[in-house]
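Structure, as structure tokens:
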Amino acid sequence: MTSATMSQTHDAAGAGAAHDGHDDHAYWSGGPMSWITTVDHKRIGVMYFVSAFVFFLVGGLEALLIRAQLGSPENTVLSADLYNQLFTMHGTTMVFLALMPLSAAFFNFIIPLQIGARDVAFPRLNAFSFWVFLFGGLLLNASFLFGGAPDAGWFGYANLTSTQYSTGMRVDFWVFGLQVLGVSSIAASLNFIVTIINLRAPGLKFMRLPTFTWMTLITSFLLILAFPAITVGLVMLMFDRTFGTGFFNPAMGGDVLLWQHLFWIFGHPEVYILILPAFGIISEVIPTFSRKTLFGYPFIIYSGILIAFLGFGVWAHHMFAVGLGPIANSVFSAATMLIAIPTGVKIFNWIATMWGGKLRLDSPLLFAVGFVAMFIIGGLSGVMHSSPPTDLQQTDTYFVVAHFHYVLFGGSMFALFAGIYYWFPKVTGRLMSEALAKTHFWIMFIGFNLTFFPMHWLGMHGLPRRTFTYQAGLGFEAMNLMATVGSFILGGSMLIFVWNLLRSTRKGRVAGPNPWAAPTLEWSLPSPPPHYNYRTIPTIEHRDPLWREGGEALDPEATGAPEPVMPSPSLWPIGLAAAIVIGAVGGLTQSLPVVLAGGALIFVCVFGWAFQPLER
Amino acid sequence: MSQNAAMDHHYTSTGIPHRKLLMWTFIGSECMLFGSLITGYLVYRGRSLVGPYPIDLLNIPFITVTTFVLLMSSLAMVLALSAVQRGRKGQARLWLAATAILGLIFLGGQVYEFSHFVHEGLGLTRNMFSATFFLLTGTHGAHVAIGVVWLSSLLVQSFRGKLGPEKAEIVEVAGLYWHFVDVVWIVLFTVIYLLVEA
Amino acid sequence: MSEPTAHGHGEPHVSNRTYVLIAVVLAVITAVEVMVFYIEALSPLLVPILLTLSASKFLLVVGFFMHLKYDGPMLRGLFAGPLAVAAAIILGMMALFGVFTG
Amino acid sequence: MNDATYVPGAARRRRVGAVALALSALVLVSACGGPFPQSAMDPASDMATRLQDLFAGILWWAIGVFVIVEGALLVGIFKYRDRRVGPADGERAEPRHMHGNTLLELAWTLAPALVLVFIAVPTMTTIWDVDRLTTDPDALTIEVIGHQWWWEFRYPDYDLITANEAYIPEGRTVEFLLTSADVIHSFWVPRLAGKRDVMPGHETHLWFTADSVGRFTGQCAEFCGLSHALMKLEVVVATPEDFAAWVEAQTQPSPVLQAAAEADTIEAPQTRTELAREVVADQEEPGGAAEAEAEEAAGPAAQDTDLATIIEEGQQLLMTKGCIACHRIQGTPAAGVLGPDLSHVGSRRTIAAGILENTTENMIRWLRDPGEVKPGALMPALQLSEEELRTLAAYLRSLE
Ligand code: HEA
Ligand code: HEA
Ligand code: CUA
Ligand SMILES: [Cu+2]
């Protein structure tokens, strides 16, 4: 990096103060109606973030209740019935309502900025995706008020989900909720694929794209290819429950294993959907805070593609205990192990990026390093699972719970926190408190390990997962207590984070355009960016545009070009989203009139949308 | 690319219009949707515990005719696009209408087939064949129906004089969708009807 | 397609006559498929013949009607990639469910 | 920028040291706190030993990778940390950008691949050894049927049916054939074998040879509804002699009933089909015959009046309160198949699928309200008086 960039940073801090008083020009100014009708990717990103984070807290609260129950043997904090609802909703919420949409929040806010675009390719479709997600999430959680939440686990194995073994509407909430969320994910992913392929600034070739953009592109492909499999499974389940078909009913010739296959054909790519955005964030943070360009950029990209591709060929590693036979088990085992190689390549390249750098251990890097350290543990326990014979002892025990929390929390969540601390100044124009951030990190780090590390042993010592209670005398007491204490420490660290977040939006230090002296294009914009992002679309000649000589000249505001015309707000996206959810409620309650009303509304909204010009 | 090109609202990095790219990506996703449905159909082949079985009911000559109809609708579709691109309004309307009507005929055939099956005792819940068959062909039929609605709205647009050559992109995208639905049928025709288990 | 589209990327011209020709070929293949189906003597080869014939119909529609023959590698990749994944999963699942081994 | 927030190196090092210490403490503490009577890491059969050895091997490789990679990470951070505090910023040269190094990339692609070979090869050989049917012609076959939320065991060779507690001989290969009567369960006795799912519509297999005598607990490992956590089982590995004795005892009606029957010369029905026929006959003529029979059975045989009353009244309750609709008791007309076989329920260590110690108090507790012990249990609360509860419990406990 050049000294020119550094001086730009210092100037920027000064210039930022000037921006401070101009909040009315920021992308967020405007009343509630302007948010409901917005098609601005930045606002949609912020809405994604807020909703997903609230869902994260809800899922976390559910986890804390789970841990409270498991704190001691034969505890009675929760009934069996409530416990089963809580772990099902905890898993479902964390995966579909917290982690995926948190990633989507980053896609929304950052991608157009990183590629030099003014918005996504289909701004209204983008708003639609958000509203469908929000309504779908609310629908799913509304189940708590209507006879109880889904209680068949986050992968809802047939035939426990049949009407015979799951009466009432609990499972129906799950079936319809997930289908609605699928619509959101697919729409959003199609949008991002087109945006990234088609809206790159001039000169921004594929091999110059920021890594985060690349990982988003790959994730989006995974999503559009993975979701249809579970959609088909869910439709079959819906038919079984609503019309009495026998897709998963052995008595009618159905096969309970078909569900498992369809779910995991989706489910395994899904876990890479949860981690690839994290890899992207890390690949942005590490170079910035090492002041050194990403080592092995093409290898990081290709290994991401390879991981995604292999991810479609390993699903049966979740089914080693069903007895698929030695051939199938060997094939899926080998394919699974292969994934360790491209993942390792990424890890080594990150370490190599830091090697010889000048590391500033600010909060984003701290969380990024925490990510690498914790993800390795999760990855290695994954490799243990990938050996079918050993997995026979581990599957469906707390060992798996340990594995996936190390990759999901130790991996994805650590990285998302790194991303939040990193991009917060771009989103709000202010920095978060470093002192609080570091406190958050260390408490979270300790709480996290205290919670999940003992679970490896719990599993190996014979504690199955999804058990609402355990009996004394099997040696589970001490470690469970440890995990419970850890989880409350973890919860405490979240409170610090929330406090930091709320406080810094109003009182944080003003950031300026590029507080971290980062290399990518979004940092050439004022913080927060104007609603049109780029007054002039820059031409890109290098992968790290702001670290090049002349990078500081990339101020799009400086050209004095006229303010670009942006798409107009629209009510149709939220209308269509509502219509879809009404249809789903009709299906859920098996009420034909409501389904028809939903259908009619969908029809009206689609045409209203189609005939409303984008810019008015 | 010049700055100006980038400022243009229709600027795309690849030269492919957004909507066309969107449709192709969506078609990729649809491949997985139909792939999963076909998987379901194939793995449950021969697992029906009670009749009627496929061989008892599938009417190959009849379906050959409806298949032919759908293939011809694809021809009408390309001709419609070509007419719109050349600004031939009358032809465009003719071929759009033909596409939609052929689609409707196909749907009519499906409705006839379904009701015939039900009449013969093969309701949705009868056996594994009926469940997978209705789900698979029903999903395809729903796609055709959506296509018909879409084409009809284009036809209306054309009559309102709003489907000039500058709108060819919209027609092209609708056409991609339509042809894809046709392509799916080509596969289903073979997998369900011609490769029926004896 | 003599008129350039609004976006000016010149697509190769495909004449209406070509389209009609393709449609005729499609119809003929369909007819052949049905004939093959009814010819007892061919029954051992039924599966490979039918798969080949329907694959060729598939390619004709996708290549000409959907224009993929003339589109760049981007669109071809967007279609071929997912198609390959879907096909692999269908085959994999059939193998897992013993469709091939009986 | 943000210089103010930099923490001096020494303090940081201390903090990192503390964390490292805490982490190693964590590892140690995690490992103790035993004993662990249900641990997969304490194998007692050939299969469990194979799995544990394989696991240990992989674990060592993982530890190796862990140490190297985390070590590199830590070294990198400490070595290249920007140490300066305050305005001296900018003194050290800006780092040189390195775009990559193909040789390095090759190295760290191949090295993990090599490690994986060392993991994959033993994995594959173990798969092919473990994941097939047993070839041992002398293997003992046990059919396992999963129910919400208890286990049914059938020994076809001995015409023996029992529940939740299976005896197997030490040193002889046992092959389990597993299916489910309702939803998916998973059969798991960690010290004896890895899991095998128990599914409706599929039959799965599992075999091993136990190498030490003892009681081994296990529990259902696939979520199967409300009381999944309470679906336990016990496999008792016995010496061949003890096993033979157990089989002998289990295939006869319980000694109490035998005594009663002999005294009254009522022939205890020997086979299930006979029993079933009788039950059908009884049901056609509700109450009557069965009660009379029970009375007769108890009456004159009473050496010990207490036991006699218990048997008499217990059997009467059994007949009248609906127990026989679901349970089977050899030597009586009770021949239900929905619930566990109770012929020798008194001989088991636990009741309610491993949840309660088999004591009279617990038996009463269970009979009073099964749903209180096991949420969602299919067995209804029978609305018995305290007196009846005691009698029935005593009767059942006597069925050894
Ligand atoms: C973020 C999500 C995420 C990620 C990234 C992963 C990554 C991996 N997972 Fe995980 N997994 C889950 C989420 C994830 N998983 C979830 C949620 C479940 C449980 C679902 C449920 O049942 O509810 C699960 C379950 C699961 C199972 C099934 C267990 C069971 O139920 O029995 C298996 C089995 O093979 C597995 C394997 C792996 C492997 C091999 C990887 C690999 O990708 C890991 C690769 C990484 C490394 C290996 C570390 C870095 C590499 C190096 C440092 C190089 C050197 C390494 C070696 C030579 C080994 N996972
Ligand atoms: C995607 C990510 C994700 C994340 C981040 C987490 C986070 C946590 N998980 Fe989760 N977990 C899953 C995904 C995740 N989990 C999945 C997929 C399952 C499987 C489900 C299944 O089997 O079906 C699972 C299952 C699971 C189990 C096993 C349950 C069982 O098998 O019986 C346990 C048990 O300890 C657990 C614990 C925790 C804990 C303590 C956290 C902690 O990290 C949580 C941290 C705490 C907070 C975030 C709380 C902060 C909030 C407050 C302090 C108050 C907030 C106030 C208001 C809301 C007003 N999880
Ligand atoms: Cu049976 Cu869990
Ligand atoms: Cu997986």
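Per chain, numbering begins at 1; letters A, B, ... match sequence-line order. Because only heavy atoms are used, hydrogens play no part in the values below, and waters and symmetry mates are left out as well, while side chains stay in.
Residue B:T25 touches chain A through both its backbone and its side chain, counting heavy-atom pairs closer than 4.5 Å. Both the backbone and the side chain of B:T132 come within less than 4.5 Å of a heavy atom in chain A. With a 4.5 angstrom heavy-atom cutoff, A:F227 does not touch chain B via any of its atoms. In this structure, chain A has heavy atoms under 4.5 Å from both the backbone and the side chain of B:F26. Using a 4.5 Å cut-off between heavy atoms, A:A251 contacts chain B through its backbone alone, with no side-chain atom that close. When heavy atoms are compared at a cutoff of 4.5 Å, A:L614 does not approach chain B at all. Contacts between A:F243 and chain B at a heavy-atom distance below 4.5 Å involve backbone atoms as well as side-chain atoms. Interface remark: A:D255 contributes backbone and side-chain atoms alike to the contact with chain B (heavy atom separation under 4.5 Å). For a residue to count as touching a neighbouring chain, one of its non-hydrogen atoms must lie under 4.5 Å from one of that chain's; by this rule B:Q157 touches chain A with the side chain only. With a 4.5 Å cut-off on non-hydrogen atoms, A:V606 does not touch chain B at all. Proximity to chain B (any heavy atom under 4.5 Å) is restricted, for A:L262, to the side chain, taken from C-beta onward. At a 4.5 Å heavy-atom cutoff, the contact between A:A201 and chain B is made by backbone atoms alone.
In this structure, the ring of B:F117 has its center less than 6.0 angstrom from the ring center of B:F133. Ring-centre distance between B:F114 and B:H119: not below the 6.0 Å cut-off.
Heavy-atom pairs under 4.5 Å with chain A were tallied for B:R47, B:K162, B:M128; the largest tally goes to B:M128. Of all the listed residues (B:G35, B:S36, B:S48), the one sharing the greatest number of non-hydrogen pairs under 4.5 Å with chain A is B:S36. Contact count versus chain A (heavy atoms, under 4.5 Å) is highest, among B:V43, B:T39, B:V50, B:L135, for B:L135.
Nearest approach of A:N533 to A:P112, heavy atoms of both residues: ND2-CB, 4.2 Å. Among all heavy-atom pairs drawn from B:D182 and B:L70, the shortest one is OD2-O, 3.7 Å. Nearest heavy atoms, A:Y532 versus A:R118: O-CD, 3.4 Å. The two residues B:L96 and B:A80 come nearest to each other via the heavy atoms N-CB, 3.8 Å.
Geometrically, A:R241 does not engage A:F248 in a cation-pi contact defined by less than 6.0 Å to the ring centre and at most 45° from the axis.
A salt bridge is absent between B:E169 and B:K20: the closest approach of a Lys/Arg side-chain nitrogen to an acidic carboxylate oxygen does not fall below 4.0 angstrom.
Tested against A:W315, the residues A:H268, A:H261, A:Q260 include a single side-chain hydrogen bond (donor to acceptor under 3.5 Å, both in side chains) partner, A:H261.
Within a 6.0 Å radius of OH in B:Y112, other residues, nucleotides and ligands contribute 12 heavy atoms or fewer.
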